Amino acid sequence: NKIQTLVDYTNSRLENWYKTAKEDYGVEGSAKAVYSPEHESMIITATENGEALEECKVSYIFEESRDYAFNVWAESN
């Protein structure tokens with residue numbers, strides 16, 4: 001299904017982001033993307049060094065490239 005494929009892709013990008021952040025900067029972190037049918041958007045939650053970051057809600061995920069949700073999240077942090 002199109003939604004799950006996009007969520008899985010975004011989660012893979014998030015996992016790689018935090019792997020690199022740990023290797024390069026010593027940042028311990030993780031993030032998770034889920035689709036919210038109620039909001040028709042992807043919700044990304046993240047934790048860095050034990051502290052929760054502000055939740056990122058990304059709309060219009062199907063009108064943009066598959067990297068859109070990840071890019072919005074990355075630019076907001």
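Only this structure's heavy atoms are used, side chains among them; waters, hydrogens and symmetry mates stay out. All figures in this text were calculated on a predicted structure; none of them were measured in a lab.
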Query - Qualifying side-chain hydrogen bond (donor to acceptor under 3.5 Å, both in side chains) pairs, either residue in residues 40-49, two or more places apart - result: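 Qualifying pairs: Tyr18-Glu48.
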Applying side-chain hydrogen bond (donor to acceptor under 3.5 Å, both in side chains), which residue pairs with at least one partner in residues 1-14 are found, sequence neighbours left out?
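side-chain hydrogen bond (donor to acceptor under 3.5 Å, both in side chains) check on residues 1-14 returns Gln4-Asp8, Tyr9-Asp67, Arg13-Asp67.
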Report task. Show your working on side chain to side chain contact (heavy atoms under 4.5 Å, CB included) between Val7 and Met42 and close with a plain yes or no. Result -> CA-CA 8 Å; Val7 168; Met42 192 177 297; 4.1 Å; yes
Pair Leu6-Phe62, side chain to side chain contact (heavy atoms under 4.5 Å, CB included): steps then yes or no: CA-CA 9 Å; Leu6 189 54; Phe62 298 113; 4.0 Å; yes
message = Using the rule that Ile, Leu, Val, Met, Phe, Trp and Tyr join whenever any side-chain heavy atoms are under 4.5 Å apart, tell me whether Ile43 and Ile61 fall into a single cluster.
response =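 The answer is no; the residues belong to distinct hydrophobic clusters.
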Tell me if the CD atom of Glu64 is crowded by more than 12 foreign heavy atoms within 6.0 Å.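 Yes - once you tally the heavy atoms of other residues, nucleotides and ligands closer than 6.0 Å, there are more than 12.
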- Message: Surrounding CD of Glu54 (heavy atoms of other residues, nucleotides or ligands, distance under 6.0 Å), is the total greater than 12?
- Response: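 Atom CD in Glu54 is not crowded, with 12 or fewer foreign heavy atoms closer than 6.0 Å.
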### OG-CD distance between Ser76 and Glu55, expressed to the nearest 0.5 angstrom
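Output value for this atom pair is 11.0 Å.
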- Task: Quick one: pull up CG in Asp24 and NZ in Lys19 and give me the separation to the nearest 0.5 Å.
- Result: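 Reported value, rounded in 0.5 Å steps: 11.0 Å.
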Exercise for the section: Could you pull out all residues at least two apart from Val72 that satisfy side-chain contact (heavy atoms from CB on, under 4.5 Å)? Expected result: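 With sequence neighbours excluded, Val72 shows a side-chain contact (heavy atoms from CB on, under 4.5 Å) to Cys56, Val58, Tyr68, given in chain and number order.
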So which atom in Ala33 and which in Ile44 form the shortest heavy-atom distance, rounded to 0.1 Å?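 For Ala33 and Ile44, the tightest heavy-atom pair comes out as CB-CG1, 3.9 Å.
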